[in-house]
Structure formats: structure tokens, C-alpha cells
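Letters go in sequence order (proteins before strands), and every chain restarts at 1.
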Amino acid sequence: MRVRNPGARHVVALVSLCGLAAAGCGHLGGGGGSDDTIDIGALVYQTGPLAQKGATNNLTMAADDINAAGGVDGRKIKIKFYDIGGLTPQQGRTAAQRALADKPDALIGPSVSAQTNAFLGLLPKAEVPLINVSAQRESDPGQPQGNPWTFRIYHRVDRMAEAISRVMAEQLKAKNVVVTHSTDDTSTHVKDDVVKDLKAKQVKVMKIASYTPEATDLTNAALATRGADAVVALGYPQPLGLMVKQMRANGIKSPIVFDPGAEAGVKLLSPSDLTNTSMVAACRPQATQGQDPVAKKFMDAYTSKYPGSYVNGYYYEAVQLIAQGMRNSKGEGGAKLREGLAAIKGFKGICGESSADADQNFIHDYKVVKLDGGKETLGGIVSGLTGAY
Amino acid sequence: MDRFIPLLFAGFSTGAVYALVASGIVLVHKASGAVNFAQGDLLTLGAFVYLAFTGAMPPMAAVGLTIVVLFLAGGAIERIVFVPLRDQPRLTVAVATFGIALAIQAGLTVWQGSDPQSVPSAFGHGSVDVFGTPLPVLSLWTILITAIVFAGMYALFQFTQIGRMVRALAADREVAVLYGVPASGLNFLTFGLSGALAALGGVLLGPSIAISPMMGFSIVLFVFAAVTIGGFDSMGGVAASAVVLGVAQQLLTGYVSSAYTNAYPFLVMLALLLVRPTGLARPIAAERF
Amino acid sequence: MNAPEVDALEVKDVKVHFGGVYALKGVSLTVPSGMCVGLTGPNGSGKSTLVNAVTGVVDAAGEVRAQGTPLQLSRPGRAARLGLRRTYQTPRVHPKLTGIENVCTGHRLMAGRSASAAVFRRMRAGAAERDRRRDAEAALDRVGGSAAADVTGAVMTYGQRRLVELARVLVAEPRVLLLDEPSAGLNDTEVTALRTLIADLAAEGVGVLLIDHRISLLNEVCDRLVVLEEGLKLHEGEPADVWRHDRVRAAYIGELDDAGN
Amino acid sequence: MTSTRASTGTRANTALGSGLVCYLVVGYVIAAGGDGYLLTVASLAAVNVVLAVGFSIVYAQSGQFSFATAGLAAAGAFGYAWFAKHMPAEIALVAAVAATTVLGLAIRLATIRLSRLYFAIASVAVGGLITIVLVNWESLSGGASGVGPVPAVTFGMVDGEELAGVFLIAWLLSAVAVAAGSLLYRSAWARDLLVVKDLRHIGQNDGLPIRRLELEAYAVHAAFTGLAGVMLASTGTFISIASFDISMALQVLIMVVLGGSGRVLGPVIGAAVITPLPEILHGAGKWSGMVYGITLLIVLVALPDGVLGLWDRFRAWARARLVRPGTVRVEGGSP
């Protein structure tokens with residue numbers, strides 16, 4: 001009597017689940033930080049909503065430049081890219097785990113704060129320092145979720161607010177201001193600080209208009225800015241560009257100061273919409289190349305090597321800083337590299353002068369970038385930023 | 001009160017575009033009884049195709065060509081997905097349209113990248129003074145063009161032979177086929193028409209916002225609120241509820257709170273569904289409980 | 001006859017309309033317990049609409065009592081609680097369930113048929129399931145459908161589907177049974193089996209309303225016969241004399257030659 | 001006549017037993033040998049298994065299509081994160097799952113009179129609403145930047161900081177969910193759900209409590225989805241509202257459709273295949289989104305019954321070929 005094999009169906013489950021295990025085991029034997037190369041793991045966005053941010057070109061060029069100049073004490077820099085793929089914290093954590101499995105010397109972080117927070121806890125055990133490219137204060141070493149293995153190359157929320165309010169008060173001499181922001185967390189934090197700073201400088205905040213990051217019609221926010229002699233605009237690129245377009249469409253011509261969220265949004269606006277607008281950014285070689293020979297050299301090299309590609313000074317400078325950190329730590333990774341990075345003072349890079357402070361943030365002088373007519377020119381530098389609180 | 005008129009007009013113009021998309025969904029539902037979740041992404045596709053064409057030809061020609069391309073795209077979707085799934089339950093067909101939506105979004109991301117892009121307007125720029133307040137020219141054109149299109153469709157469905165056949169198909173598919181209505185040919189036509197409507201929506205909405213491959217889904221969510229209220233079978237009911245929802249959303253955002261902008265259409269829809277579980281218009285498959 | 005039995009089903013002046021069309025224009029009939037009442041009439045006379053009205057699937061006006069208790073119309077599922085079951089013109093069986101499983105779904109024993117019981121009270125659920133399967137097998141045997149016990153609905157023959165549906169209805173031990181053209185598509189031996197089954201059910205005190213066109217079946221098994229035409233009761237009486245009634249013949253068979261057949 | 005059917009009951013139990021043992025062995029192998037990356041992907045697989053089993057019961061078995069999966073999972077995750085601040089993690093788990101079940105019941109009760117198509121659309125709205133409310137409920141969800149570090153569920157058996165241990169607990173939880181799912185699938189209740197799905201009015205006329213069954217199916221879906229949300233928070237140690245967008249509802253749908261319905265094995269296979277797909281697709285880079293959409297289309301058109309359906313058809317085909325000549329096949333009887 002043929003006995004039907006009861007477990008036959010379950011063999012299928014076992015086989016497919018083993019497939020999962022095998023797919024993973026392939027990662028066990030990843031290359032360690034071998035001696036002759038300095039391995040950097042870069043968490044970037046090749047697919048999903050933030051895809052094609054041009055980060056890969058900037059990182060590759062930085063490594064090529066350093067290796068061309070003889071590398072770090074003879075050791076070549078090798079960058080491996082890990083696609084995060086989306087905006088969820090799980091994707092950030094998975095990409096970080098994949099990078100750490102290859103035992104890199106250093107990591108260059110994602111630009112979404114929630115994703116950075118999702119894997120900060122892994123760094124102390126892996127003893128791998130991270131150059132963080134997101135704006136939230138939570139990832140700073142002193143913070144509850146932070147740890148001493150993170151360094152920030154990007155602007156920080158409170159410093160950005162201080163810079164913007166100083167531009168409004170000192171440069172634009174505005175008396176009546178309207179602040180608009182999308183309700184994502186970073187913009188909300190910057191808005192709170194800007195409002196506090198402006199009040200401290202006796203600048204009247206007429207109205208605060210907020211909109212959701214995925215709003216598709218911003219007439220309400222645009223109309224709220226009517227009557228202000230200057231407008232602060234914070235938030236995601238898409239709604240930011242849309243709001244300015246609807247302000248101009250409704251005949252509102254007052255000057256506007258953006259935070260870096262506008263970077264991608266600016267491309268959506270016609271040159272005429274951009275009259276009387278400026279943006280504050282921590283690292284903007286495109287604008288500082290007029291005054292800064294280092295930025296000029298980088299911009300010329302980059303635009304010739306990758307014509308039309310998106311310039312991202314933060315990623316380029318991050319690789320340079322890791323190389324400098326390695327020089328300070330005499331080629332030692334782990335805790336030594338961390339101390340090497342923390343010891344960087346007055347490093348002359350494409351973002352101007354970078355030096356690590358107590359919170360291990362590198363950039364302290366933010367640049368005011370005028371955007372009139374769609375061309376970027378330097379409208380001044382706000383220095384000595386300590387963060388309002 | 002200087003904000004009321006601009007908000008009202010903004011509501012009318014977005015409501016008009018959503019009415020176009022909603023009528024596309026109603027058309028597909030009339031012809032095949034299925035719900036098309038990919039209608040919003042067809043609008044996005046229309047906007048990107050129009051953007052690509054504007055580079056090579058004058059705006060009005062680009063608009064015309066985009067409508068033709070989307071007409072064929074709508075027909076192709078009917079052939080590839082709806083015909084093989086004809087006898088599957090309605091939910092499976094609705095789920096298949098999700099597959100189409102995902103494929104369009106991903107295809108656009110590969111083709112155009114995920115950064116938002118701006119689209120040149122084929123119908124005028126800047127603002128014009130109406131009743132003393134500056135209003136975007138584009139939204140005035142949007143309202144006008146949508147009104148003309150709906151009048152045209154009303155005439156098509158009431159007075160022409162094709163229109164009568166489509167309505168017969170919607171009323172009772174088997175009987176209509178028995179009477180010699182060319183069901184498969186008509187299906188292709190109605191899907192094509194819904195594609196063309198989405199293209200028009202894309203061309204009108206595109207220039208007033210920034211387009212990105214991922215925007216289709218938030219549009220279809222809004223439109224579903226309108227379709228649920230207006231009923232799945234009445235073009236007029238759906239168009240009216242789309243405009244009402246558009247205006248309600250703008251006014252509520254302006255005068256109540258802007259944190260819940262995207263939630264207002266759903267709140268209105270849920271409130272209504274709890275009161276009348278089969279929507280306002282003539283109940284279709286009234287489930288008797 | 002012991003104390004006067006309450007009527008199994010009492011229908012008073014039931015009206016049903018779809019838009020302008022009046023399917024039932026006020027029909028009244030009673031099915032005493034333990035009796036079989038036939039309901040017949042040309043197609044479109046409102047037979048199935050009456051069954052739908054009684055089971056609350058269609059909006060209806062008028063008054064219906066099952067086992068003496070009044071029934072809220074236009075509310076499906078209420079009739080079932082009062083022991084009323086019906087079958088369908090085209091037998092409805094679930095394609096993915098076997099014969100036994102289809103019959104079990106009709107069983108009234110609800111123990112073990114909840115999510116929590118299935119996971120936490122497995123002993124009780126197991127016992128209840130065995131009882132249901134035993135009753136289902138008995139019901140299938142009774143209607144002669146045991147061959148379809150392990151066959152899934154999709155591959156059942158038409159006859160098997162009819163018998164499984166009949167078993168699903170019987171396993172609930174109904175007090176009132178509405179049979180909607182049960183003899184359609186059956187061969188002679190199956191019709192005789194059906195006749196004895198209906199007779200046994202009536203003997204057990206079940207009130208049976210038999211809707212059919214097979215005149216021989218109606219005459220042999222029904223105690224009374226009701227004829228409907230265009231939503232109205234044309235005539236009611238003993239099967240034998242109903243056919244002699246000229247209006248019935250005119251409506252049903254058209255002009256009859258003198259031989260009366 | 002002792003029916004042969006009784007024996008299938010015991011045989012099915014051994015099949016479940018052996019299946020679960022295989023499942024746990026795989027979990028142990030991954031926990032012992034896997035590196036951080038594999039543990040993270042496997043934890044996501046465990047979460048997806050629980051999500052898929054819950055969704056397949058409400059969609060494939062009872063025919064109710066629900067888009068609120070992302071909202072319910074978010075409620076489970078943030079509920080757990082909040083409860084875990086005030087009580088031990090294990091009790092917080094139970095509290096979060098219970099809260100999500102009640103939320104699911106409330107949603108279904110409010111929409112019980114809707115036809116299935118309208119409920120599908122209403123569930124999209126409800127899912128969206130839950131997300132919007134959570135984003136604005138700062139104290140619970142930490143707004144857009146999320147909440148963390150969230151304590152891991154350990155039942156005292158593993159060290160909360162240690163990745164492999166936390167993963168093993170999540171895998172055990174998913175094994176419990178699979179076992180419960182299997183019991184539910186083989187129960188008389190699941191059979192009644194099929195009638196609710198395909199023979200609605202007939203079931204009603206037979207006295208089946210249609211609404212109670214639909215509510216129960218939705219409550220089970222909410223409980224499983226809430227548990228999945230808790231596991232996501234426990235293994236991820238950090239959650240933000242960005243984790244729960246509409247793509248989660250789509251992913252669960254693809255798993256159930258691909259896996260096939262009727263048995264708990266369907267969603268398990270669906271989760272085992274779909275979870276590593278994005279990791280494998282990294283090579284495809286920007287084409288991965290396209291592959292997702294097209295997979296869904298192909299599976300729906302070509303494999304309406306999913307992998308399980310294919311496997312059953314293959315076995316029927318194989319049995320018809322491989323039966324030794326001369327064996328008398330009794331019509332319908334099992335050997």
C-alpha cells in the first residue's frame with residue numbers, strides 16, 4: 001500500500017527557506033579590511049524616491065583624487081556602494097548591516113535621519129566610525145541615541161535655524177516675516193528654532209504656514225505669505241518648489257530664504273520665479289568657487305569628468321576627511337581612526353574649513369547662496385555658528 | 001476675505017482634474033465592471049510623456065500626441081491585463097491594476113529618475129486679475145477645458161450609437177452581447193478613452209505642480225473618495241463630487257488646519273459611507289444585510 | 001393527531017415589486033406541519049420570488065410566520081433561525097469543499113466554529129467536528145449521495161451536486177423545507193427516491209413546500225396544490241381536482257382536448 | 001463505519017509537526033551561523049510570514065480585501081513601543097496585539113454594511129488615516145523622526161542586545177503564528193469562511209452568521225498584523241512612520257497571491273520568496289520596482305492559485321503518470 005508522504009508539502013517550505021539562508025551565507029566570507037586598502041562603505045540611494053542623487057560620482061572622484069596623489073601613506077582607498085533602496089528605517093538598517101558584514105574601516109551615512117538612527121547602535125560593537133550626512137541632532141555623540149562613533153559632515157538643525165534667522169535680521173533687515181515649512185520632522189525642528197531666534201532678534205513673525213510633505217496644492221501656504229517683507233521656506237524639494245511657483249503665480253514677489261531642502265526644488269522653478277531668493281547651505285562649492293581656489297579646482301574637475309551630474313560636496317569632503325583621519329591615526333582603523341577624525345582641526349577642503357568640535361560636527365560656517373536667475377552666487381558667509389541652544 | 005476666492009478657484013481647478021481621472025475610473029468600471037487602481041499613474045505617465053514631447057514640438061502638438069499615446073496605452077492595458085482576467089473575481093482584477101500601477105511607477109523612475117520635475121504649461125503662465133484678485137491662468141483654463149470635455153462626453157454617451165452601446169454593456173453585459181454589441185471592440189475604446197482622459201489630466205495638472213513618478217497613488221486615493229461618493233456608474237455624479245471634494249479640501253486646509261490636508265477627502269468619504277453604505281448615487285450591487 | 005400542530009409556514013398577502021414590475025401581488029398560503037404543499041405555475045409566475053421573499057433575500061411586504069413565530073421580512077438569515085431551509089433551482093455547492101465538508105457547513109451545531117475555538121478549545125472543536133461529520137455522512141446516505149462524500153464540488157456531477165445540497169439542508173433538521181424544482185435533471189429512479197424522501201420528511205412532521213413542474217410528482221406526494229399565475233394565486237386544492245379546474249388548464253396547458261391530458 | 005477521514009486528522013498533525021520542526025531548524029541555523037545582515041533579512045522574513053498568514057486568512061479565505069495592513073502594523077509597533085516604556089516587554093507585546101485587535105474590530109464594525117468593493121476602498125482611507133493620526137500624535141510615534149531604542153522581546157531567554165538572540169525569539173513567535181494559522185486553516189471555521197467568501201447568500205439562508213464570521217476573520221488579521229508590528233519594532237530597535245507605507249500592503253498582497261491559498265504553507269512560501277527578492281534584486285538596481293509590479297501581474301494572470309496551486313496540479317499530474325499499471329484506482333477513495 002503506497003504510503004503518501006505526509007511531509008512532502010513541507011519539503012517545499014524547507015527548500016525555499018534554505019534558499020534564504022544560503023543567499024545570506026554568501027555574505028559570511030566578505031573581504032575584511034585588508035591591509036593594503038582603506039575600505040569605505042557608502043550607504044547611498046540607487047533606487048526608490050531619493051534615487052539618482054549623484055552621490056556615487058562625488059564619492060568615486062574623491063577616492064580617485066586621493067589615490068592619484070599617492071593614497072594615504074601608500075594605501076589606496078576603496079569605496080563599496082550599498083543601495084538603501086527606500087526611506088524606511090528597516091532598509092537603512094539592512095544596508096548598514098550589509099556594509100558592516102564586509103568589515104569596512106569607515107562608513108559614510110544615509111541622508112535620512114530616521115535611517116541613521118536605525119543603525120547607530122551597531123557602530124560601537126563593530127568599531128567602525130560613521131560620517132553622518134543627515135541633519136537631526138539625535139545622532140550627535142552627546143544625545144541619548146547617539147554614540148561617539150558618529151561624525152557629522154552635514155548641516156545641523158539648530159545651526160541652520162540660527163544661520164537663517166541671522167540672514168533675515170542682518171542681511172535682509174526684515175521686520176515682518178512669514179515662516180512656511182512642511183510638517184516633516186527636520187523642517188518642524190528648524191521652524192521652531194528659527195521662530196525662537198527671530199523673536200530674540202525682535203523680528204515679528206506674522207504667520208507660520210505648514211503643509212504636508214506630499215501636498216500637491218499649496219495655494220493656502222502661498223497666500224499666507226502675502227504682505228510679509230521676507231519669507232522663510234523650509235522643507236522637502238517638491239512642495240517647496242511648488243509653493244514658490246504658486247506664490248509667484250498669485251503675484252507675491254517678496255524675498256525668500258530656503259533651507260537646503262530647496263536644493264532639488266530650485267530645478268522646478270523658472271529663472272523669473274527665482275528672483276530675490278537665496279538658500280543657506282553648510283557646504284556649497286558651486287557657490288564658493290568664486291572665492292575659494294580649492295572649491296574652484298574641484299568644480300572644474302568634477303564638471304569636466306561628470307558633465308551634468310549632481311554636485312554633492314558633502315560626500316566628496318567625507319572621503320577626504322576619512323583620509324585625513326587615517327593620516328592622523330597613522331593608518332590604524334577602529335578606535336584609533338575615530339580619534340584621528342576627532343583630531344581634525346582647520347582642514348582646508350571644498351566646503352571651506354572643517355574642524356571637529358565636541359559634538360564631532362565638522363562644518364561651522366554656513367554659506368548664503370543667492371539663486372537669482374537660476375545661477376548660484378555667494379551672498380555671504382555666516383560664521384561662528386554654535387547652535388542657538 | 002482675500003484668500004477665499006483664490007482658494008475657491010484652486011479647489012475648482014484641482015477638483016476639475018480629479019473629475020477627469022474619476023470619469024476614467026467610471027468608464028473602465030462601466031465597460032468591464034473592474035476598478036482601475038492604476039488610473040492615477042496613467043495621469044503621471046501622461047504628464048511625463050507630455051514633458052518629453054514638449055522638448056521636440058510646440059506645446060499644443062505635444063498635448064495632442066500625448067492624448068493619442070495614452071489612448072493606446074489604455075487600450076494596451078485592456079488587452080494585456082483585463083482580457084485574460086475577465087472571468088476572475090473583481091478583487092483579483094483590482095489587484096492586477098496594482099501591478100500595473102507599480103510597473104508604471106518603476107518604469108518612470110528608471111526613465112526619468114525620481115527627482116521632481118517641472119512641466120511647461122501649454123495653457124498660459126502667471127496670473128491674471130479676476131474680481132480684483134490675481135488667479136493663476138492655468139487653473140482658469142483647466143476649469144474651462146474640463147467643462148468642455150464633460151459636455152462632449154455627455155453628448156457622446158447620450159446621443160451617439162457608441163454611447164448607447166457602452167451604456168447597454170454597463171447595464172447588462174450578457175444581454176448586450178446577445179444584441180450584437182461588439183463588447184471587445186468597445187472595451188478597447190472605453191479603456192483608450194480613459195487613458196486619454198488621464199493624459200488630459202496630466203497635461204493640465206503637471207504644470208501647476210511638480211511631477212514625480214510616485215505621485216500617481218495619492219491622486220487615485222483622492223479620486224476614490226469622489227468615486228465612492230458619486231457612485232461607480234454616473235459620470236455626472238462623480239464629476240460633481242470630485243469638484244465638491246476639491247473645494248472642501250482647499251477651504252478646510254485654509255481655514256481649519258493644514259496638517260490634515262490629505263485626510264479631509266477620506267474623512268468626508270468615510271462619514272458618508274457610514275451613513276449610506278452604497279454611496280450617494282443609485283446603489284449598484286446593493287449587498288443586502 | 002395530537003394537539004393541533006402549529007402551521008409550519010404561514011404566508012399572508014405577500015407583495016414584492018422590482019421598480020414598477022409587481023412580481024407578487026399579494027399571495028397567501030399555509031403549509032401545515034407534516035404536510036407537503038405543492039406550488040406550481042408557468043415560468044415567471046412568481047414561484048421563486050415567493051421563496052426569496054420568505055427567506056428575506058428580497059424586499060417584500062405582507063406577513064410571514066414560521067413555526068407560528070412572525071418573521072421580519074427583508075432581513076435574510078432570520079428565517080433560518082426558525083428552522084426554515086431552502087434549496088436552489090441550480091444547486092449551489094462550494095467548488096473547493098468536498099461533499100462531506102459542504103454538508104457540514106449546513107449543520108446547526110456551531111460549537112468549534114469560531115477562531116478562538118479552533119486554536120484554544122481544540123478538544124471541544126474536535127468532538128463537535130466528529131458529530132457534524134457523522135450527521136453529514138448520515139444525511140448523505142439518506143439522500144443517496146455517499147459517492148460524492150470525498151469529491152470536491154468542482155468535479156461533482158450535476159446529480160451529485162443536487163444530492164449534496166439536499167443533504168446540506170437535511171443535516172440541519174429543518175422544520176420547514178422549501179424545495180425549488182428539486183426534480184429538475186433527475187432520472188426516474190432518482191425521482192422515486194426523492195418522492196419517498198419527501199413523504200418520510202412529511203411523516204416526521206416537517207412542513208414541505210415543493211415547487212416543481214413535474215405534475216406526476218406533485219400529484220403523488222403533495223397533500224394540497226397551489227397554482228400561481230402572474231404573481232397571484234390562481235387556485236388551491238387537492239391535486240386531483242386542481243387539474244380539472246378550467247382556468248388552471250387554460251393558463252397552464254392552453255386549450256385541452258376532451259381526454260383531459 | 002469508522003471513516004478513513006479520522007486518520008487524515010492525525011496524518012495532518014504529523015505533517016504540521018514535521019513542518020514546524022523544519023521551520024525551527026532553519027531558524028536555528030540562521031541564528032547560529034548568520035552575520036548581522038542575514039539576521040536582519042531573516043527577521044524581516046519572520047515579520048512578513050506573520051503578516052502574510054494574517055492577510056491570507058482575511059483575503060484568500062474570507063474574501064475581504066483590506067488595505068489597512070500598514071496602519072494596523074504601525075498601531076502594533078508604536079503601541080508596543082509605548083507600552084514597553086511602562087511594563088515588561090512581554091506584557092507590552094500582549095497589550096499591543098490586543099489593542100490592535102480591538103482597533104481592527106472597531107474598523108470592521110464601522111464598515112460592516114459596506115459591500116466588499118467599497119470596504120476595500122474604505123480600508124485604503126482607514127489605513128491612510130491611521131498613518132496621518134500617528135504622525136501627528138508626537139508622544140506615541142515621535143512624529144516623522146520615529147521612536148527608539150525600543151526594548152526587544154526576549155522572554156528572559158536571550159540577551160536583548162544580542163542580535164541573534166532577538167532574531168531567534170522573533171522566529172519563534174512567527175513559528176507560533178504559523179502553527180496557529182495552520183490550526184485555523186484546518187478548522188471548521190475556515191471552511192465556513194470559504195462559504196462567506198463564495199456562497200454568501202446561500203450561507204446566510206443556511207443560518208451561517210455571516211457578519212460574525214467576517215468580524216472574526218478581520219480580528220484575526222488585525223491580531224497577526226499587530227504581532228508583526230511588534231516583531232518589527234523588537235528586532236529593528238527603531239521604528240518610524242516611514243516603515244508603514246502603502247507598499248507594505250502591496251508586498252503582503254504579492255506574498256499571499258504568489259504563495260497560494262487554502263493552506264498556511266502558501267503565505268509561508270510567499271514570504272520566503274518575496275522577502276529576499278529586494279536583496280537579490282540589488283543587482284538589478286533601478287529595475288527592482290519594475291520587477292515587483294510585473295511579478296504581481298504575471299502571478300495573477302498565470303498562477304491564479306499561486307505556487308501551492310501549481311504544486312497541487314503538478315502532484316495530480318505526477319500521480320496520474322506514476323501510478324503503477326495494474327493498481328485498481330478506487331474512484332475518489334484514498335489509498
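Residues of residues 162-178 of chain C that come closer than 4.5 Å to chain D, counting heavy atoms only, are C:Arg168, ordered by residue number. Residues of residues 113-123 of chain C lying within less than 4.5 angstrom of chain D, judged on heavy atoms, are C:Arg113, C:Ser114, C:Ala115, C:Ala118, C:Val119, C:Arg122 in numerical order.
Across D:Val220, D:Ile202, D:Leu183, the residue that shares the most heavy-atom pairs under 4.5 angstrom with chain C is D:Ile202. Options D:Leu193, D:Ile57, D:Leu208 differ in how many heavy-atom pairs under 4.5 Å they form with chain C, and the most are formed by D:Leu208. Heavy-atom pairs under 4.5 Å with chain D were tallied for C:His94, C:Arg78, C:Arg134; the largest tally goes to C:His94.
If you take CZ on C:Arg108 and CG on D:Asp206, they are separated by 11.0 Å, rounding to the nearest 0.5 Å.
Contact of C:Val155 with chain D is not made at all, since no heavy-atom distance falls under 4.5 Å. For a residue to count as touching a neighbouring chain, one of its non-hydrogen atoms must lie under 4.5 Å from one of that chain's; by this rule C:Arg132 touches chain D with the side chain only. Proximity to chain C (any heavy atom under 4.5 Å) is restricted, for D:Leu213, to the side chain, taken from C-beta onward. In this structure, chain C has heavy atoms under 4.5 Å from both the backbone and the side chain of D:Leu194.
Listed by chain and residue number, nothing satisfies the salt bridge (charged side-chain N to carboxylate O under 4.0 Å, His left out) test with C:Glu181 (two or more places apart in sequence, or in another chain). Partners of C:Ala60 by side chain to side chain contact (heavy atoms under 4.5 Å, CB included), not counting sequence neighbours, listed by chain and number: C:Val14, C:Val16, C:Ala53, C:Leu73.
Other residues, nucleotides and ligands place no more than 12 heavy atoms under 6.0 Å from the CZ atom of D:Phe314. Within 6.0 Å of CZ on C:Arg92 lie no more than 12 heavy atoms contributed by other residues, nucleotides or ligands.
Taking each heavy atom of D:Asn205 and C:Arg86 in turn, the nearest pair found is ND2-CD, 4.0 Å.
No donor-acceptor pair closer than 3.5 Å links the side chain of D:Arg191 to the backbone N or O of C:Thr105.
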*asked:* Walk me through whether D:Arg212 and C:Met110 qualify under side-chain contact (heavy atoms from CB on, under 4.5 Å).
replied: CA-CA 12 Å; D:Arg212 180 175 69 77; C:Met110 293 307 283; 3.7 Å; yes
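C:Glu129 has its side chain out of reach of D:Ser187: every pair of non-hydrogen atoms, C-beta onward, lies at least 4.5 Å apart.
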